[in-house]
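Atoms within a ligand are numbered from 1 in the order they appear, just like the ligands themselves.
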Amino acid sequence: MGKGFYISKPLGVVAIILCAGALATIIALSVVYSQEKAKNKNEISPTDGGATSKPTVTTAAPSNEPWDKYRLPKSLTPEYYNVILWPRLTLNMTTGLYIFTGESTVDFVVIEETDLILIHSNKLNYTQLDNGHLAKLTTVNSRAEAPTIKKSWLQTTTQYLVLELNGKLKKDQKYQLYTSFTGELADDLGGFYRSEYMEDGEKKIVATTQMQPTDARKSFPCFDEPAMKAVFDITLLHDHGTIALSNGKQKETSNITMNGHSVQKTVFEQTPKMSTYLLAFIVSDFGYINNTIGDVMIRIFARKPAIDAGQGQYALNKTGPILKFFESYYNSTYPLPKSDQIALPDFNAGAMENWGLITYRETALLYDEEFSSNANKERIATIIAHELAHMWFGNLVTLRWWNDLWLNEGFASYVEYLGAHEAEPDWNVKDLIVLNDVHRVFAVDALASSHPLSSKEEDIQRPEQISELFDAISYSKGASVLRMLSDFLTEDVFTMGLRTYLKAFSFGNTVYTDLWEHLQTAVNTNGTELPDSVKNIMNTWVLQMGFPVVTIDTTTGAVSQKHFLLDPESEVTAPSPYNYEWIVPIKWMKTGQKETPIWLTKKSDTISAMNTSGLDWVLANLDVVGYYRVNYDEGNWERLLQTLSNNHTLIPVINRAQLVDDAFNLARAKIIPTVLALSTTKYLINDRDYMPWKSALNNLDFFYLMFDRTEVYGPMQDYLKKQVTPLFKYYKELTHNWTKVPNGHMDQYNQVNAISLACRTGLEECQTLAQTWFKEWMDTGKNQIPSNLRSTVYCNAIAAGGAKEWEFALSAFQNATIAIEADKLRAALACSKQPWLLNRYLEYTLNPDIIRKQDATSTIVYIAGNVIGQSLAWDFVRAQWSYIFSQYGGGSFSFSNLINGVTERFSTEFELQQLKQFKADNSEVGFGSGTLAVDQSIERTIANIKWIEENKNNVLAWFDKEAK
Ligand SMILES: *[C@@H]1O[C@H](CO)[C@@H](O)[C@H](O)[C@H]1NC(C)=O
Ligand SMILES: *[C@@H]1O[C@H](CO)[C@@H](O)[C@H](O)[C@H]1NC(C)=O
Ligand SMILES: *[C@@H]1O[C@H](CO)[C@@H](O)[C@H](O)[C@H]1NC(C)=O
Ligand SMILES: *[C@@H]1O[C@H](CO)[C@@H](O)[C@H](O)[C@H]1NC(C)=O
Ligand SMILES: [Zn+2]
């Protein structure tokens, strides 16, 4: 899946989800344990009867029957499915639901004799067949009779259709199982589901799918594990005027009559051998655009008005080059005859790599010259690259089980930058992995509650456990360590191993060590020198959580490593097979000259070349290809700061971003003084590059949160205004008084930084600019604000304005025809400084006609992010607690996101007391999926109080001095 799955959540939330994962594992283990204990007691017979069964009985019964296990037995292997599905896009009057019906057969081979068939099935109702059972069994290619069915039922907890037979299935014999079933086409974003949208005042319905990880079984009965690959014949029935899509090309379309309805029948070409989680079925009345690359048909589908407005064109233009790039990168032709990509109005993840039919959120595929920013554009190019990368890595060759998900997602998250670079070679987009993935995941992986990349197969069983693996560690840490690997092997050796791996396992399954073996062969062939085997080096990064801080003492040449923890007092209870030591590749330079890379293979070592005469400076982890932070002796830090201030271009741009981010985080961990970290921002007055600025702003966000209600705020604003003013002037000139768009992609990004910080720190010229632009829009009805700058201009104009501006933005939000624009306005409405407007906006979050339900909690969090809105949002959440809890408390991530969001700024004793009181007042009802978030908010508030106590005076004095 594309990483939109988690990308919009603040990192703190990700950390909390990680904790929940650990807890779930513990619970799962104790369940397994109690099942083991019950093993020798009386066997408890399973409850009968599918839809009418009481799930509680099966859940409560401790038993060790095969159908109580979440993994399929190894006795049967599917080879071929024939599936016919008929989704209804109009309400079924009998049930009051949207439904689909289906029929399927599956041919499977018997590996071990058995009298039991388990096949995944979830939320499907089966037709009782003429044999009195939920399925019918026959033999294939044999005159022999299949055993008759003794008993058939649905096991809801473990999501099986279970068939007990009166005789044994014979080893090596093929059988066919037939079923006929009905399911709900719910708006739940999983399995076969429906998405709704308005077009010309008319409600329209799309039937679509999201199978990964375990919802194919919600569409038809199947052996729903990634290693159970098979070929599929798919047929969809659908209304005239609609178009049906699936993994294969449309083979034939005909008119048929079913139950008195005349419908269209679309038959698709048979798929190659593939996993169930990569299937897709879609019925819509979308439009499309197409072209042909080599023999591959490429199509982009979306709502007709979006296609007519040309919003699919950018994706269509870029897909060809990216596909070509991956063909040569993998040295393997695209495995399918077509590549469809479709933008859906309701979609949970960012995108999903269904083989040959990739699904996207609208914001991840549709580009509009007028409305989309360069960031929106970059997201489209990288997500397309990510999903296309999966067509080989993940789809052609698939990891055997979900515990290795990190390799699948980490790999795609790394090469998405290579693919996007191919599509947009002028962007330098490859550098951005450092900000977007490395720095981002450092924040999570520096907590004692983090977890290793790799999980044990037996620890990942239940669907919730599988879902929890889709986190920042799998995506961003996975990408970071693979980038490091590719760098120290060299790109040539890395791709050599990758190519033989893909060739060897095409249409098959692997474990992560299979890739290491192929890379090792490439290393041996090439004669690359490494301190240890690929497997041993990588295991130190894959099998233990966290990462090291490497400390270099240039007065002695001593180099050492230590597990980096953001809170040095936190206790690491998870044992590590390597005692939290890593095999660390170190690329470095001395006084601007690149030196021979070294390896740190033990806790500490002496590198005489790093013992400088005291004039030379050492800079390690060049371009941040290594997954670690770096600290130095005081003298070297001073020389680095001096170099930044004398001539910062001597230090590569990525490393300037690194020095800032490392320093701020080393300070948080009390390894260096906070004022040293602040000193890394002084030279920015001369820097025009995006990455160091962005790195500084990311870190200063915490200072804003802690100090924007204290006397530090004034001097801090003065200092930052002084720093950003030259940058603002620079862009004013570069853009001819804001009339041109800067050429460079990074320059466009840094222009946004310049304007948002200049306006934030009260630079008058900036505020006037934002207000003038906005007023022009209000007066003329024509929006001339450059698309890159809209988010920040809207926010600043609304902050400076009153009811008139706010009302105008609200109506623009309600009338927006493109999701990208509506999202920008919804965020900006929270920027008002008028408490009464913010309170009104808070009330709107209770009204789904104004704020869609899926956006309610994030809107409250936006309001809490505003220093004026913070306490209003907190009061609102407490006052509306019972409603909010009943709506969002059940399951979604957004609930813990809400609790973290409204308490993020908490840093006083009074707020801590309020928070504790809130917990006590609601202890009876509890906090549902936000339970952990409440405790972590208390913990974070205590830490913030402590941090302010320790840092406020120094920081105030420093800003005071430097603001002058
Ligand atoms: C199928 O039915 C539709 C609508 O009744 C009609 O327009 C179309 O021509 C028919 N197609 C064929 C191949 O009969
Ligand atoms: C687009 O699809 C149409 C209809 O299948 C086909 O006739 C046309 O040649 C395609 N265009 C390109 C550029 O492939
Ligand atoms: C700064 O360093 C760069 C790169 O070595 C060099 O080209 C440039 O002349 C230096 N500028 C100054 C002002 O010393
Ligand atoms: C920008 O505007 C200022 C003042 O209006 C003017 O002096 C200057 O020449 C303009 N710059 C450009 C590049 O148009
Ligand atoms: Zn992915």
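- For a threshold of 3.5 Å applied to N or O pairs, the pair formed by Y288 and ligand 2 contains no separation below that value.
- The stretch residues 636-656 participates, sequence neighbours left out, in these ring pair (Phe, Tyr, Trp, His ring centres under 6.0 Å) pairs: Y632-W637, H648-Y683.
- Between D239 and R88 there is no salt bridge, since none of the side-chain N atoms of the basic residue sits less than 4.0 Å from a carboxylate O of the acidic one.
- Ligand-side atoms of ligand 1 in range of N255: 1 (C), 2 (O), 3 (C), 8 (C), 10 (C), 11 (N), 12 (C), 14 (O), range being under 4.0 angstrom from any heavy atom.
- The distance from ligand 2 to the heavy atoms of T292 drops below 4.0 Å at these ligand atoms: 12 (C), 14 (O).
- Salt-bridge formation is not detected for the pair K204/E196: no Lys NZ or Arg NE/NH1/NH2 atom is positioned less than 4.0 Å from an Asp or Glu carboxylate oxygen.
- Ligand 3 is surrounded by N647, T649, L650, each with at least one heavy atom closer than 4.0 Å.
- In this structure E962 satisfies the salt bridge (Lys or Arg N to Asp or Glu O under 4.0 Å) test together with K682, sequence neighbours excluded.
- Between Y329 and W392, the ring centre distance reaches or exceeds 6.0 Å.
- Taking the six-membered ring where the residue is Trp, the centroids of F326 and F393 are separated by 6.0 Å or more.
- By the salt bridge (Lys or Arg N to Asp or Glu O under 4.0 Å) test, K324 pairs with E327, sequence neighbours left out.
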